[in-house]
Amino acid sequence: MTATIQGPFRSAIAMSCRTRFAPSPTGFLHIGGARTALFCWLEARHRGGAFVLRIEDTDRERSTQASVDAILDGMNWLGLGWDEGPVFQTARFDRYRQVAEELVAAGKAYCAYETREELDAMRARQEAAGIKPRYDGYWRDRTDPPPDRPRVIRFKNPTTGKVAWEDRVKGRIEISNEELDDLIIWRSDEHPTYNFAVVVDDVDMRISDVIRGDDHVNNTPRQINLYEALGAPLPAFAHLPMIHGPDGAKLSKRHGAVSVMQYRDDGYLPWALLNYIVRLGWSHGDQEIFSIDEMVRLFSVGDVNQSASRFDFDKLRWVNQHWMRHDDPARIAPHLEWQLRDLGLDPAAGPNPADVVVALRDRCHTLREMAEKARVWYAEFESYDEQAVAKHAGGRARECLEAAHAALAGVPRAEWSPPAIDAALRRAAEAVGEGLGKVAQPLRVAMTGTAVSPSIDHTVFLAGQPRALARIERLLARLPSPAG
RNA sequence: GCUCCCUUCGUCUAGUGGCCUAGGACGUCGCCCUCUCAAGGCGAAAACACGAGUUCGAAACUCGUAGGGAGCGCCA
């Protein structure tokens, strides 16, 4: 009996989860924003709820269409799809105006007529006196005739008591109303302010869990007072700790990548980036590697910890390599192709990229490095590393290369594969009475012009039979002729 | 200045009063493996900010101190 009631009841609660990611379009999607978006997305997915994307573009000065596009591109590249939106706040001005006017009519907000200069002066006086700058409430209860000056609408914040909430990550937070002042909700230029628009939107969109950076904790009590004035049910709040740069300072350009799209350019897999950032502030025991499905299954914003973390590029690189090594090569290949093209190489002018992934994924940490190392199979190299030639092309290199050439030429075209090549090279080594290494090193120089490459069978395989033989001939041609 | 938040190895973290002479991972170092470079295996160094208190017992609870962060806009 209990079980039959429990099931539907519980899912009804889960269904009510609605989260939103609400960036302002004043730049690209940065790494902190990406993690906030991820956590919002995961919380909604985990609870079978909805994830809403909202663009907070009420600041006409700083908002740009290019930024909107950049944010959308970032979200799409990461694979964080939204169920509703994008909703633009600029499309909702009438609604904000209506709510602001209702608040005034209800005596919960009022018009104030100070100029910016007067407010600046007030602030300066308060700071000089060493007290917290706050609006003094001059117009709060005035009934004077309104002066002939631009007006703003201010919210009548309660003057006594305190605001408290149970933050899902920070725990209980309390702030006295005496710390707060009457915030402006409607500007003199007839636009809503952030703190007001957010609340109206979150109420209208029935957001159940407000998940955002902890730079917003100080805004929360004012917003809670607004919810109450509106008679709206309170959502749960979850304030995420910040992400700093490796040196503990705010993450900035000088740390390397700030925009998530830069991570694509630098050769990271989107799901690897997600795996790395999900572990910044969240964990599940000792587990380090999470597929997207696992994250959805295991994540809860209530498990996020409370302290700021630093971005560690070394660990990101490790996570990225992990996914390059453990995913299906076919899933990695398109990303490698993107990098090859970005380097000006034609993926069709060489081996199947999936085969390149198999050969190189143990040897690099990013797709960028992989593409650079793959260059030798998509274009001819121009010169040899002379040190490599000096070290490996002396001694019996000529005999070894000739034996390798003969052995490789004997591999039927249809059987051209790493195992067949390995067998051929071992036969060649045996024929000249040397270990495989004596054949492999000069051959490696012949194949790549350098002394470093993947295992010799793959290195030769990826070159393809005609190109492999040609490259052996090319090296042989520059070696001194055999004595006698 | 005021308010709020935070503090376990270099870094990300486990830890919810005894299982902790504090575990894992990245990074670092050493050894093994080996056709180069990697990857992999094994191992090492490395942390509870400090001080009081609560308790039979504190990394965990409370209070201070120090340090760090955020906010205090007609920005979001």
Side-chain angles (χ1 to χ4, degrees), chain A residues 22-26 56-59 61-63 89 112 114-116 119-120 123 126-134 150-154 167 170-171 173-176 178-181 183-195 197-198 213-221 239 241-242 244 246 248-250 276 279-289 305-319 321 325 360-365 373 388 391-392 422 425 429 435-445 448 450-457 459:
Chain A
S24 61
T26 53
E56 310 218 322
D57 55 351
T58 52
D59 185 348
E61 305 271 299
R62 298 196 300 152
S63 298
Q89 289 190 319
E114 287 85 0
T115 62
R116 286 170 202 257
L119 293 173
D120 288 345
R123 227 184 332 268
Q126 289 164 329
E127 274 167 17
I131 60 176
K132 189 172 182 169
R134 279 177 299 181
R151 64 94 242 263
V152 298
I153 298 176
R154 303 189 91 114
D167 196 276
K170 302 274 184 192
I173 299 178
E174 269 186 20
I175 293 179
S176 167
E178 287 161 31
E179 296 298 329
L180 275 23
D181 65 356
L183 71 153
I184 292 173
I185 59 176
W186 195 259
R187 306 190 224 167
S188 57
D189 67 356
E190 301 303 317
H191 283 262
T193 58
Y194 164 78
N195 278 112
V198 190
D214 71 5
D215 47 337
H216 288 283
V217 281
N218 292 287
N219 288 325
T220 306
H239 288 97
M242 316 244 75
H244 295 136
K250 194 173 168 194
Y276 174 69
R279 288 282 292 100
L280 257 25
W282 177 79
S283 60
H284 180 71
D286 287 337
Q287 188 170 341
E288 298 287 351
I289 298 300
N305 70 201
Q306 298 143 3
S307 47
S309 47
R310 298 186 187 201
F311 198 92
D312 181 355
F313 285 91
D314 285 332
K315 186 149 181 189
L316 200 216
R317 289 165 57 78
W318 175 79
V319 171
Q321 184 185 41
R325 298 198 328 122
L360 282 172
R361 60 182 172 179
D362 286 345
R363 301 174 159 75
C364 45
H365 292 84
K373 288 184 172 165
K391 185 168 181 190
H392 300 293
D422 183 70
L425 294 179
L436 181 59
K438 288 291 181 200
V439 174
Q441 276 313 94
L443 190 51
R444 178 166 276 120
V445 174
T448 68
T450 74
V452 178
S453 83
S455 61
I456 195 64
D457 52 349
T459 300

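In what follows, every heavy atom counts, from backbone to side chain, and hydrogens, waters and symmetry copies are set aside. Each chain gets a letter, A, B and so on, in the order the sequences are listed, and its residues count up from 1.
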Please name all residues satisfying ring pair (Phe, Tyr, Trp, His ring centres under 6.0 Å) with [X], sequence neighbours left out, ordered by chain then number.
X        : answer
A:His365 : none
A:Trp282 : A:Phe290, A:Phe299
A:His216 : A:Tyr194

May I have the distance from [X] (atom [atom1]) to [N] (atom [atom2]), rounded to whole angstrom?
X        : N      : atom1 : atom2 : result
A:Asp59  : B:rA76 : CG    : C1'   : 7 Å
A:Gln126 : B:rU3  : CD    : P     : 15 Å
A:Glu114 : B:rC74 : CD    : P     : 10 Å
A:Leu443 : B:rC35 : CG    : C1'   : 10 Å
A:Gln441 : B:rU36 : CD    : P     : 7 Å
A:His239 : B:rA76 : NE2   : P     : 17 Å
A:Leu425 : B:rU36 : CG    : P     : 15 Å
A:Trp318 : B:rG24 : CH2   : P     : 14 Å

Identity of whatever pairs with [N] - Watson-Crick or G-U, under 3.5 angstrom:
N      : answer
B:rU16 : none
B:rC4  : B:rG69
B:rG10 : B:rC26

Identify, between A:Val152 and A:Asp214, the residue whose nearest nucleotide on RNA chain B lies closer to the 5' end.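 Closer to the 5' end of RNA chain B: A:Asp214.
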Pairwise [atom1] distance for [N] and [M], with rounding to whole Å:
N      : M      : atom1 : value
B:rU62 : B:rC74 : P     : 37 Å
B:rU65 : B:rG27 : P     : 41 Å
B:rC33 : B:rG41 : C1'   : 8 Å
B:rG30 : B:rA45 : C1'   : 11 Å
B:rA49 : B:rA58 : P     : 16 Å
B:rG18 : B:rC2  : P     : 39 Å
B:rU28 : B:rA66 : C1'   : 30 Å
B:rG23 : B:rA47 : P     : 11 Å

Is it true that the side chains of A:Asn195 and A:Thr193 contain a donor and an acceptor less than 3.5 Å apart?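 A:Asn195 vs A:Thr193: no donor-acceptor pair found between side chains.
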Close N or O pairs between protein and nucleotides 71-73 of chain B (under 3.5 Å):
residue: B:rG71; atom: O4'; partner: A:Asn218; partner atom: ND2; Å: 3.3
residue: B:rC72; atom: O2'; partner: A:Pro133; partner atom: O; Å: 2.9

Measure from the side-chain heavy atoms of [X] and tell me the nearest of [options].
X        : options               : value
A:Arg62  : B:rC4, B:rC75, B:rU36 : B:rC75
A:Ser188 : B:rU3, B:rC74, B:rC26 : B:rC74
A:Val452 : B:rC37, B:rU3, B:rA39 : B:rC37

For a quick check of understanding: with a heavy-atom distance under 4.0 Å over all strands, which category does A:Pro241 fall into, base, sugar-phosphate or nothing? nothing
Give one of base, sugar-phosphate or nothing for A:Arg325, where a contact means two heavy atoms less than 4.0 Å apart. sugar-phosphate
With 3.5 Å as the limit, what N/O pairs link the protein to nucleotides 6-15 of chain B?
residue: B:rC12; atom: OP1; partner: A:Arg310; partner atom: N; Å: 3.0
residue: B:rC12; atom: O2'; partner: A:Arg279; partner atom: O; Å: 2.9
residue: B:rC12; atom: O2; partner: A:Lys315; partner atom: NZ; Å: 3.4
residue: B:rU13; atom: OP1; partner: A:Gly281; partner atom: N; Å: 2.3
residue: B:rU13; atom: O3'; partner: A:Ser283; partner atom: OG; Å: 3.1
residue: B:rA14; atom: OP1; partner: A:Ser283; partner atom: OG; Å: 2.8

Salt bridge (charged side-chain N to carboxylate O under 4.0 Å, His left out) pairs touching residues 306-317 of chain A, sequence neighbours excluded, are A:Glu288-A:Lys315, A:Arg317-A:Glu369
Using a cut-off of under 3.5 Å, enumerate the N/O to N/O pairs linking the protein to nucleotides 59-67 of chain B.
none

Who are the side chain to side chain donor-acceptor pair (under 3.5 Å) partners of A:Asp181, not counting sequence neighbours?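 In terms of side chain to side chain donor-acceptor pair (under 3.5 Å), with neighbours along the sequence ignored, A:Asp181 is linked to A:Arg222.
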Restricting to side chain to side chain donor-acceptor pair (under 3.5 Å), what partner residues turn up for A:Arg187, sequence neighbours left out? none
Return yes when atom NZ of A:Lys170 has more than 12 non-hydrogen atoms of other residues, nucleotides or ligands closer than 6.0 Å, and no otherwise.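 Yes, enclosed.
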Crowded around A:Glu61 CD? As in, over 12 foreign heavy atoms under 6.0 Å?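 For A:Glu61, atom CD is not crowded (no more than 12 foreign heavy atoms under 6.0 Å).
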Would you please name every residue forming a side chain to side chain contact (heavy atoms under 4.5 Å, CB included) with A:Ala451, sequence neighbours left out? A:Ala388, A:His392, A:Gln441
Counterpart residues, side chain to side chain contact (heavy atoms under 4.5 Å, CB included), relative to A:Asn218 (two or more places apart):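 A:Asn218 satisfies side chain to side chain contact (heavy atoms under 4.5 Å, CB included) with no other residue.
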Presence of A:Thr58 side-chain N/O under 4.0 Å of B:rA76 phosphate oxygens OP1/OP2: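 Yes, A:Thr58 has a side-chain N/O under 4.0 Å of OP1/OP2 on B:rA76.
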Tell me whether A:Arg151 is salt-bridged to A:Glu114, with the criterion being a basic N under 4.0 Å from an acidic carboxylate O. no
Sort me out a list of protein N/O and nucleotides 43-46 of chain B N/O pairs below 3.5 Å, or just none if empty.
none

